[in-house]
Engineer: 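There's a structure below that I have some questions on.
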Amino acid sequence: MKKTDVCIIGAGASGLCAAINVHRNYPDCSITLLEKLPRVGKKILSTGNGRCNLTNVNVVPSSYNNPDFVTPVLEKYSPAVVVEFFESLGLKTFTDREGRVYPRSNAASSVLDALRFACQNDKTEVLCEYITESVKAQDDGFVINNDLFCSVLIISCGGKASPSQGSDGSGYVIAKSLGHSVTPVLPSLVPLNVLPEKVRALKGVRASNVKLTLFDEEGSDTSVGEILFSDRSVSGIAAMELAAFAESSLRGGNDPILSIDFLPEFEKEELNEYLRSISIIRANQPVDNMLSGILPKSLGISILKECSLYYGGALIDGFNDEMIASLTNMIKDYKINVYGTRGFQSAQVTKGGVDLSLVKSASLESKLKKGLYFCGEILDVDAKCGGFNLQWAFASGLASGELK
Ligand SMILES: Cc1cc2nc3c(=O)[nH]c(=O)nc-3n(C[C@H](O)[C@H](O)[C@H](O)COP(=O)(O)OP(=O)(O)OC[C@H]3O[C@@H](n4cnc5c(N)ncnc54)[C@H](O)[C@@H]3O)c2cc1C
């Protein structure tokens, strides 16, 4: 049987960082990186729309679902340290106005190249198209697929989101076989499926700085940002950030409703006043132009239609207070029933994962088995869009690679 000192299952963002840090800390150690796909780090290439938003300078523990657990790792591997780490691999980055960090090349391939080049050394072996199906724990280590023995094992298989990029949930099966429990997993950061009748007219409309509230009989979640309508779904970061709430609501037998405030910066009275003034300023214009000073035209027309105020040929002149109040209400509270999400196939992240109560928070070593570590999205750690999830993948990969 082949033997190696450290084996890492999954050569994604976290596994590659783990391999690099094991090599930096223990240069004499032999490392074997197992990757089921034909190449390492495939998912990294599609992150940030191909630009890879690799971290965010505004990361704090409360950016994540389990702040206490992530604190020690983020204290040691803050966004600044992650950026320094990439600098040490030859990658230049820049930070945008929202604090999101990207490679200076604006190409995700630069991030992947930096990681994979650093794994090219005489102590690290990368085995692609190697699917880990079983792991057996022994007193002195682990046996993988009955053909590879390692003293230390790092599991970095990712979650279930975007399985075409390798993360198909098989890591959970491996974790469970080693005695670890897994919390229920949900697709997160994925478009919301809505009733086509409600959005067909809005297909292709993009609205920015909107406030979304997704609520059901038991609670609510909110987000602010951009949304994009297709013929049967609402996407864009603000909508995608509510997907996990939608999934858990639907699984709980509830009927979540999305309320869109298209102009959150306006109080209702202020908006009413504005529309009253428009009804005077644009009195001789066709109704089509009633909302074009504040909303994209097609969105404005859809809102007029929803309020039954869109009559071909009519002029704005005829708008009375009641009509204006109904427009204001529709702009501030446009309701759409959500009946699902696009699911794991299209999700960017998994919510839930390996139960943190059985994992040490600083070293990421298992509390059940010495020499077993977890890092990245396989753990029950997730965050919203903006570089937070890769920050966790990189930071936790580096932390696990210390083998403390
Ligand atoms: C389209 C998209 C865009 C995203 N954009 C961003 C972004 O801009 N910023 C951000 O912060 N986050 C982004 N994310 C999320 C981020 O990519 C993930 O959180 C991160 O990649 C998780 O890293 P990981 O190493 O834990 O898992 P992964 O990157 O999923 O890597 C896991 C690896 O393990 C391998 N593997 C799995 N099972 C096995 C097995 N049984 N045997 C062998 N190998 C196995 C997989 O093939 C894969 O290569 C995006 C995600 C997607 C899908």
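Counting starts at 1 for both ligands and their atoms, following the listed order.
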Engineer: Could I get the full list of side-chain contact (heavy atoms from CB on, under 4.5 Å) partners for Ile278, not counting sequence neighbours?
Structural biologist: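 Ile278 satisfies side-chain contact (heavy atoms from CB on, under 4.5 Å) with Tyr274, Arg282, Met290 once adjacent residues are dropped.
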
Engineer: Do the rings of Phe388 and Tyr64 sit parallel, tilted or perpendicular, given the 30° and 60° boundaries?
Structural biologist: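 The arrangement is perpendicular - the two ring planes meet at more than 60°.
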
Engineer: What do you reckon, is NZ of Lys203 surrounded by more than 12 foreign heavy atoms closer than 6.0 Å?
Structural biologist: no

Engineer: List ligand 1's nitrogen or oxygen atoms that come under 3.5 Å of a protein nitrogen or oxygen, with the partner atom and distance.
Structural biologist:
from: ligand 1; atom 1: 5 (N); to: Gly48; atom 2: N; distance (Å): 3.2
from: ligand 1; atom 1: 8 (O); to: Gly48; atom 2: N; distance (Å): 2.8
from: ligand 1; atom 1: 8 (O); to: Asn53; atom 2: N; distance (Å): 3.4
from: ligand 1; atom 1: 9 (N); to: Asn53; atom 2: O; distance (Å): 3.0
from: ligand 1; atom 1: 11 (O); to: Gly387; atom 2: O; distance (Å): 3.4
from: ligand 1; atom 1: 11 (O); to: Asn389; atom 2: N; distance (Å): 3.3
from: ligand 1; atom 1: 11 (O); to: Leu390; atom 2: N; distance (Å): 2.7
from: ligand 1; atom 1: 19 (O); to: Glu377; atom 2: OE1; distance (Å): 2.7
from: ligand 1; atom 1: 25 (O); to: Ala13; atom 2: N; distance (Å): 3.3
from: ligand 1; atom 1: 25 (O); to: Ser14; atom 2: N; distance (Å): 2.8
from: ligand 1; atom 1: 25 (O); to: Ser14; atom 2: OG; distance (Å): 2.7
from: ligand 1; atom 1: 26 (O); to: Ser14; atom 2: OG; distance (Å): 3.4
from: ligand 1; atom 1: 26 (O); to: Glu377; atom 2: N; distance (Å): 2.8
from: ligand 1; atom 1: 30 (O); to: Lys43; atom 2: NZ; distance (Å): 2.7
from: ligand 1; atom 1: 38 (N); to: Ser170; atom 2: OG; distance (Å): 3.2
from: ligand 1; atom 1: 41 (N); to: Thr132; atom 2: O; distance (Å): 3.1
from: ligand 1; atom 1: 41 (N); to: Ser170; atom 2: OG; distance (Å): 3.0
from: ligand 1; atom 1: 42 (N); to: Thr132; atom 2: N; distance (Å): 3.0
from: ligand 1; atom 1: 44 (N); to: Lys36; atom 2: N; distance (Å): 3.1
from: ligand 1; atom 1: 47 (O); to: Glu35; atom 2: OE2; distance (Å): 2.5
from: ligand 1; atom 1: 49 (O); to: Glu35; atom 2: OE1; distance (Å): 2.7
from: ligand 1; atom 1: 49 (O); to: Glu35; atom 2: OE2; distance (Å): 3.2

Engineer: Indicate whether the side chain of Ser167 and that of Lys43 have a donor and an acceptor atom separated by less than 3.5 Å.
Structural biologist: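 There is such a pair between these side chains.
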
Engineer: Ring centroids only, cut at 6.0 angstrom: are Tyr77 and Phe394 within range, meaning strictly under it?
Structural biologist: no

Engineer: We want to know whether Glu265 and Asn209 form a side-chain donor-acceptor pair, criterion being a heavy-atom distance below 3.5 angstrom.
Structural biologist: no

